[in-house]
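Right, one structure below, let's go through it.
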Amino acid sequence: MFEPMGFDAFGIHSENFALKVGTHPMDLIPSNVKNFTRQLRRIGGMFDWEHSVDTTDPAYYKWTQWIFLQFFKAGLAERKEAPVNWCPSCMTVLANEQVVGGECERCATPVEQRRIAQWFFRITDYAQRLLDNLDHIDWSETTLKAQRNWIGRSTGAQLRFPVVDEAGDETGTHIEVYTTRPDTVFGATYVVLSPEHPLVQSVTEEGMLGHVSDYVEAAAQRDLVARQKTDKTKTGVPTGGFCRNPATGEMIPIWIADYVLMEYGTGAIMAVPGHDSRDFEFAEQFALPIVRVVLGPGDSSETPLEEAYVGPGSLINSGPFNGTDVSESVEVVTAWASEKGWGDARVNFRLHDWCISRQRYWGPPIPIVHCDACGPVAVPESDLPVVLPRVEDFRPDESGISPLARVEAWYRTTCPECGAEARRETDVSDTFLDSGWYFIRYPSTDLDSEPFDSGITSRWLPVDAYIGGNEHAVLHLLYSRFITMVLKDLGHIDFEEPYKTFRAHGLIIADGAKMSKSKGNVIVPDPIIEEFGADTFRTYLMFLGPFEEGGDYRPQGIQGPFGFLHRLWDTVISARTGETDADVERKVHQTIRQVTEQIPDLGYNTAIAAMMECLNVIRAGGRTAVRAEVEPLVVMVAPFAPHMAEELWERLGHAGSIFDGANWPEFDIAKLVETTVNVAIQVNGKLRATISIEKNERESEVIAAARAEENVMRHIEGKEERRVIHVPGRLVNFVVG
RNA sequence: GCCGGGGUGGCGGAAUGGUAGACGCGGCGGCCUCAAAAGCCGCUGUUCGCAAGGACGUGCGGGUUCGAGUCCCGCCCCCGGUACCA
């Protein structure tokens with residue numbers, strides 16, 4: 001068993017916090033790490049502190065950079081232009097979360113978008129595999145679902161619409177569209193290009209150029225967040241140009257609209273307003289024709305469309321395909337398009353490539369040197385790490401470039417290939433890259449010469465159990481899986497899924513709301529530990545709600561576990577030797593079974609409740625406990641209250657630690673069995689009495705006893721008895737009337 | 001909008017289709033104590049009733065079943081994620 005703990009402290013949050021408190025992150029992080037470590041030790045966290053990592057330590061990020069280089073050399077890292085949020089007043093790049101209502105969170109200036117060259121990892125190459133493997137890993141169902149949705153595989157077709165001139169003659173240019181409903185192509189009454197689409201200029205009529213470029217420019221002005229808002233009314237402009245619907249042969253107009261995203265599919269769509277709600281909304285607004293090509297149940301080709309119809313039915317107004325059921329129409333029409341040479345079946349993913357560039361200071365420099373002659377060149381592995389220089393003023397400034405680009409002494413270098421003057425990459429990498437591979441480093445933290453030892457790695461990894469927050473359900477876990485797959489393909493490791501089991505824990509909230517400094521409802525552990533002790537605090541955290549859902553931290557509630565541990569202590573200390581009694585013994589064995597079964601299922605709150613119940617039985621009526629009854633409880637409480645359990649274990653006369661060896665109690669099936677059971681007696685499903693009987697009493701006897709109950713008699717008297725239902729050991733139900 | 005997760009006493013929360021409310025907090029009464037704390041015993045869903053006992057009760061409305069918090073259909077509300085993905 002190996003359970004390490006580490007710190008992931010690069011990134012925008014640490015950077016902003018450092019700015020806020022006015023301490024350099026290089027000074028701040030070590031003291032924060034120290035404080036967290038102290039708190040984690042104090043609550044009795046049994047982590048292997050010999051194998052801790054700190055992603056901001058050059059000894060760690062040396063290998064983060066090494067990972068980048070492996071991707072680069074494998075052709076999986078590439079530089080391409082991508083839009084970023086840009087604040088024209090702060091002259092800096094903003095993360096999406098720094099854009100509030102379309103404005104810069106700091107200066108309230110409307111945010112624009114800019115395109116800059118950034119580094120991407122080609123995760124889309126792995127999309128199918130990332131999806132397929134989800135079928136074979138033991139993860140929380142909710143997490144699996146989130147990953148599947150994020151990857152977003154869809155099947156459809158890519159269709160080619162020829163651009164035509166006024167006379168209707170093909171110009172030779174084609175607009176490629178991606179659609180999941182190629183079967184509705186007969187209803188495509190116009191085509192829409194994204195404002196960023198490369199064909200925008202060439203398809204636009206001369207007279208429309210002004211309007212179109214105004215629109216394109218306006219779209220570019222808008223920040224990325226606002227651009228993708230769905231609740232605004234749709235905007236767009238006609239280009240004046242036309243293309244031919246390849247199915248109907250008709251000329252249909254080409255529009256530009258920002259509801260079509262360049263990032264997805266081909267950046268162009270065929271609009272089928274009759275059967276797509278977005279196209280419908282757009283068509284209504286601009287009075288574009290709406291044609292019905294699917295008949296729902298009860299519809300005729302004349303039934304007007306009040307809204308886009310996306311349900312089942314059969315094709316209509318679709319030439320040779322009229323009557324084809326939509327369950328097969330996609331396939332049939334795609335085959336036809338393919339035969340005619342203007343379309344092909346296509347699989348598309350929502351997943352984008354992973355942009356790892358950050359125009360920030362607080363992160364590991366991307367280990368690339370830009371040379372005029374050689375282009376981007378990898379820093380030789382022997383020169384790693386590329387150390388992040390200490391820069392006192394790392395605040396973004398008017399220059400609008402990464403903070404490191406202001407440190408000339410740092411970025412001026414020579415090309416590793418040709419020796420000419422060159423310039424270091426001044427962007428740093430995304431923190432998800434730091435956290436994407438840390439689990440591989442843990443067992444090998446004492447190794448300087450390699451990121452990980454292959455022998456140790458194959459012995460200890462992949463990770464058996466990973467428990468994390470659901471906020472990481474998508475990005476962190478997906479990137480981590482991707483990195484693992486690539487490392488496997490490159491021959492560095494022999495497994496391709498990093499975490500065999502993953503369970504998402506819930507969030508402990510306070511006063512019904514997420515804890516946050518701004519709300520002032522943060523629970524600080526130190527004073528609680530001082531008042532109640534770490535054992536009580538730990539036990540309460542596990543008791544206050546279901547682990548996988550979280551719970552509400554109420555300061556009063558800690559009294560429960562506090563009293564329980566006190567009573568347990570007193571009971572154990574004063575326990576006598578001697579014979580146990582049968583009822584208590586049965587309860588102890590039932591408890592052992594329940595706790596043993598529930599702990600692996602993370603059923604901590606109910607396991608603790610079971611132990612409380614057991615202790616209540618042991619102590620009932622001021623009874624003095626017998627050692628054999630309390631010893632199992634001491635062991636079972638040890639994961640929650642380790643300090644006290646260890647002490648009690650010693651007082652019970654054991655030499656070694658309670659955590660050494662196999663001390664977990666076993667239950668005896670024979671001792672679980674109840675000899676008498678309470679049986680509920682119902683009349684027409686309503687409880688009328690309970691009787692206590694021998695466990696395996698004959699059915700006829702049980703029913704006779706039930707019938708004899710006064711209150712039961714009263715309810716069945718004078719009525720016809722239709723049925724008697726007997727669930728042995730549970731209930732008898734008389735159905736009368 | 002879509003995708004998850006929820007909605008059960010005054011509160012946190014339990015319940016393989018089979019006695020709803022385990023366990024705990026809080027509250028009430030009692031024991032112990034000079035007193036308090038701790039501890040111990042009992043009560044504690046609402047309501048009618050002197051009682052025995054009855055009626056009602058798991059967000060709302062239907063349904064399946066001898067029996068539904070649990071299963072099915074249709075809604076409402078809360079929390080988290082996501083944002084026109086063609």
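Just so it is clear: chains get the letters A, B, ... in the order the sequence lines come, proteins before strands, and each one is counted from 1.
- Closest to the A:V260 side chain, of the nucleotides B:A86, B:G26, B:G18, is B:A86.
- Rounded to whole angstrom, the span from the CD atom of A:Q559 across to the P atom of B:A37 amounts to 13 Å.
- Within the 4.5 Å cutoff, the side chain of A:L199 has no heavy atoms near those of the A:I254 side chain.
- Rounded to whole Å, the C1' atom of B:G13 lies 13 Å from the corresponding atom of B:G7.
- Under 4.0 angstrom from either OP1 or OP2 of B:G26 there lies at least one side-chain N or O belonging to A:Q556.
- Between the side chains of A:S154 and A:N348, no donor N or O sits under 3.5 Å from an acceptor N or O.
- Taking atom CG on A:D552 and atom P on B:C78, their separation rounds to 18 Å, with Å as the unit.
- Among the protein residues, A:E710 comes within range of no part of the nucleic acid, since none of its heavy atoms lies under 4.0 Å from any strand.
- When the side-chain nitrogen and oxygen atoms of A:N711 are compared with OP1 and OP2 of B:G54, one or more of them lie within a distance under 4.0 Å.
- Distance from the side chain of A:N733 is smallest to B:G18 among B:A86, B:G18, B:U19.
- The side chain of A:R181 places no N or O atom within less than 4.0 Å of a non-bridging phosphate oxygen (OP1 or OP2) of B:A86.
- Of the charged side-chain nitrogens involved, none lies within less than 4.0 Å of a carboxylate oxygen, so that A:E176 and A:R346 do not count as a salt-bridged pair.
- B:C2 and B:G81 make up a base pair, with Watson-Crick or G-U wobble contacts both under 3.5 Å.
- Residue A:G551 is classed as a sugar-phosphate contact, given heavy-atom separations below 4.0 Å to backbone atoms only.
- Nucleic acid contact for A:N149: sugar-phosphate only, since backbone atoms but no base atoms lie under 4.0 Å from a heavy atom of the residue.
- Using atom P as the reference point in both B:G5 and B:A86, the two lie 22 Å apart (nearest Å).
- Nucleotides B:U58 and B:G17 place their C1' atoms 15 Å apart, quoted to the nearest Å.
- For the pair A:H505 NE2 and B:G5 P, the interatomic distance rounds to 17 Å; values are reported in whole Å.
- In this model, the phosphate group of B:G24 is approached by a side-chain N or O of A:N616 to a distance below 4.0 Å at OP1 or OP2.
- For the OP1/OP2 pair of B:G1 and a distance below 4.0 Å, the side-chain nitrogens and oxygens of A:S277 include no atom meeting the criterion.
- Heavy atoms of A:R567 sit under 4.0 angstrom from primed sugar atoms or phosphate atoms, though from no base atom.
- Under the Watson-Crick or G-U wobble criterion, with both distances below 3.5 Å, B:A55 is paired with B:U46.
- Side chain to side chain, A:T606 and A:Q598 meet the donor-acceptor criterion of an N or O pair below 3.5 Å.
- Between A:N684 and A:V679, the residue whose closest nucleotide on RNA chain B is further toward the 5' end is A:V679.
- Distance noted for atom C1' between B:A20 and B:C56: 14 Å (whole Å).
- A:R730 has a side-chain polar atom (N or O) that falls below the 4.0 Å cut-off from OP1 or OP2 of B:U19.
- Between A:E613 and A:A620, the residue whose closest nucleotide on RNA chain B is further toward the 5' end is A:E613.
- Among B:A86, B:G18, B:G24, the nucleotide with an atom closest to any side-chain atom of A:I725 is B:G18.
- Classification of the A:Y259-A:F282 ring pair by plane angle, with boundaries at 30° and 60°, yields tilted.
- Only the C1' atoms considered, B:G57 is 7 Å distant from B:U46, to the nearest whole Å.
- B:U47 and B:G12 have their C1' atoms separated by 26 Å, given to the nearest Å.
- Between A:Y540 and A:F562, the ring centre distance reaches or exceeds 6.0 Å.
- At whole-Å resolution of the value, CG in A:L687 and P in B:G69 are 13 Å apart.
- A:T606 comes within 4.0 angstrom of the backbone, heavy atoms only, and of no base.
- What separates CZ of A:R714 from P of B:G53 is a distance of 7 Å, to the nearest Å.
- One interatomic measurement links the two molecules: CZ of A:F349 to C1' of B:A86, which rounds to 16 Å at whole-angstrom precision.
- Considering only the side chain of A:L261, B:C84 comes nearest among B:C23, B:G39, B:C84.
- The phosphate of B:G54 has OP1 or OP2 within less than 4.0 Å of a side-chain N or O from A:H715.
- Taking 4.0 angstrom as the limit, A:K686 places a side-chain polar atom (N or O) nearer than this to OP1 or OP2 of B:C56.
- The closest side-chain donor-acceptor pair between A:S435 and A:Y479, if any, does not fall under 3.5 angstrom.
- Phosphate proximity of B:C11 to A:R554: absent, as no side-chain N or O sits under 4.0 Å from OP1 or OP2.
- Annotated as syn: B:G9, whose glycosidic dihedral is within 90° of 0.
- Taking atom C1' on both B:C73 and B:C50, the two are 48 Å apart, rounded to the nearest angstrom.
- A straight line from CG of A:L541 to C1' of B:G24 spans 15 Å, rounded to a whole angstrom.
- One finds a side-chain N or O of A:R688 lying less than 4.0 angstrom from the OP1 or OP2 phosphate oxygen of B:G54.
- Between the C1' atoms of B:C79 and B:U70, the separation comes to 22 Å (whole Å).
- Between B:G13, B:G26, B:C23, one nucleotide has an atom nearer to the side chain of A:P546 than all others, and that is B:G13.
- Side-chain N/O atoms of A:K145 include none lying less than 4.0 angstrom from OP1 or OP2 on B:C3.
- The CE atom of A:M612 sits 14 Å away from the P atom of B:A22 (whole-angstrom rounding).
- Under 4.0 Å is where a charged nitrogen must lie from a carboxylate oxygen, and between A:D135 and A:R148 at least one such pair does.
- Under a 4.0 Å N-O distance rule, the pair A:K587/A:E629 does not qualify as a salt bridge.
- Phosphate contact (OP1/OP2 of B:A14, side-chain N/O of A:N605, threshold under 4.0 Å): present.
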